[in-house]
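Structure first, then comments.
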Amino acid sequence: MHAKALGVMGGTFDPIHFGHLRLAEEARQALRLSQVRIIPAGRPPHRAQPCSSAEDRLAMARLALADLPQFALDDHEVRAELPSYTVPTLERLRGELDEDCPLVLVLGVDAFLGLPSWHRWREIFALAHVAVATRPGYTLNAAQLDEALRGEFERRACALSALPGQGAGGAITSFAMTPLAISATAIRALLARGESPRFLLPDAVLDYIHHHHLYEN
Ligand code: ATP
């Protein structure tokens, strides 16, 4: 891989948790990324609207990523106040990079399965590679993919070890990460019941949640 391959990880981060952080860290190592940009969605178009405000989600991500130079928080989608679409974000990042610098969109397998519902999703491959991480509860089985996605997957699938020879984008690879059955949904449910999600997310994020009374019923 080009020495400066950049990783991109979007999500609602409602709230950010150790599943996200571990995904970013393991992707960085497996794909030899120089950095992973963490990009909270402002108004995600293809899913239910977040429970907490964009400002709170950004503040929690900032706390989780403090003093971690291998990750960079990118607030463009939050600041845009428009629905957050991945393709314009990748176009923006492409414009910042050398033409031959690989961009790698990092997704958990659940997000990858939903790719065909994303705006202009097929254009992603002209801009970036896609790296799909395992996630408990979901399997990446080509036979079960939506037909259009299966076509792209079969055409573009590439072993992790072969990714460095694939240029700046266009390949789909997958990697196994430490299984962590952590989700923001489950964390919100614990908080709504008055139970503790401690050790599923950074303490600083949990302190912020309590201080701002987020996710309480
Ligand atoms: P929610 O439960 O609200 O849907 P989430 O926990 O799935 O949220 P998102 O912000 O939707 O978190 O996810 C952002 C990205 O992180 C997605 O690509 C998702 O697949 C991935 N991801 C989140 N949690 C994990 C996990 N525990 N293991 C692997 N990937 C994860």
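Values reported hereafter were calculated over all heavy atoms of this structure, with side chains retained and with hydrogens, waters and symmetry mates removed. Atoms within each ligand, like the ligands themselves, are counted from 1 in listed order.
- Between G11 and ligand 1, no pair of N/O atoms sits closer than 3.5 Å.
- Using cut-offs of 30° and 60° for the angle between ring planes, the F125 and W121 rings count as perpendicular.
- Side chains of P40 and L73 form a contact here, defined as non-hydrogen atoms less than 4.5 Å apart.
- At least one N or O atom of R135, backbone or side chain, sits closer than 3.5 Å to an N or O atom of ligand 1.
- Every atom of ligand 1 with a heavy atom of S183 under 4.0 Å away is listed here by number and element: 2 (O), 6 (O).
- Contact annotation for H17 and ligand 1: only side-chain heavy atoms (C-beta onward) come within less than 4.0 Å of the ligand.
- Every atom of ligand 1 is numbered from 1 in the order shown, and the set under 4.0 Å from a heavy atom of T185 is 1 (P), 2 (O), 3 (O), 4 (O).
- Assignment of I16 to the shell around ligand 1 is not supported, since no heavy atom sits closer than 4.0 Å.
- Of the candidates E77, R94, H76, T89 forms a side chain to side chain donor-acceptor pair (under 3.5 Å) with just one, namely E77.
- Remark: ligand 1 atoms within the under-4.0 Å shell around heavy atoms of R188 are 3 (O).
- Between A184 and ligand 1, at least one pair of N/O atoms sits closer than 3.5 Å.
- Contacts between L23 and ligand 1 below 4.0 angstrom, taking non-hydrogen atoms only, involve the side chain exclusively.
- Residue contacts with ligand 1: G10 is included, with a non-hydrogen atom under 4.0 Å away.
- By the 3.5 Å distance cut-off applied to N or O atoms, F13 is counted among the residues near ligand 1.
- At a heavy-atom cutoff of 4.0 Å, ligand 1 is contacted by the side chain of D110 but not by its backbone.
- Within ligand 1, the atoms closer than 4.0 Å to a non-hydrogen atom of T134 are 29 (C), numbered from 1 in the order shown.
- R155 and E152 are joined by a salt bridge, as a carboxylate oxygen and a charged side-chain nitrogen come within less than 4.0 angstrom of each other.
- A salt bridge links E55 with R79: the closest approach of a Lys/Arg side-chain nitrogen to an acidic carboxylate oxygen falls below 4.0 angstrom.
- Contact check for L201 versus P15: side-chain heavy atoms found under the 4.5 Å cut-off.
- Under a 3.5 Å cut-off, the side chain of S196 and the backbone N or O of R198 do form a donor-acceptor pair.
- For the atom pair CG of L31 and CZ of F175, the computed distance is 5.5 Å after rounding to the nearest 0.5 Å.
- Counting only distance, with no hydrogens or angles, the side chain of S84 and the backbone of G42 share a donor-acceptor pair below 3.5 Å.
- For D14, no heavy-atom contact with ligand 1 is shorter than 4.0 Å.
- Using cut-offs of 30° and 60° on the angle between ring planes, the pair Y85 and H119 is tilted.
- Considering backbone and side-chain N/O of M177, none are found under 3.5 Å from N/O of ligand 1.
- For the pair L107 and ligand 1, the shortest N or O to N or O distance does not fall below 3.5 Å.
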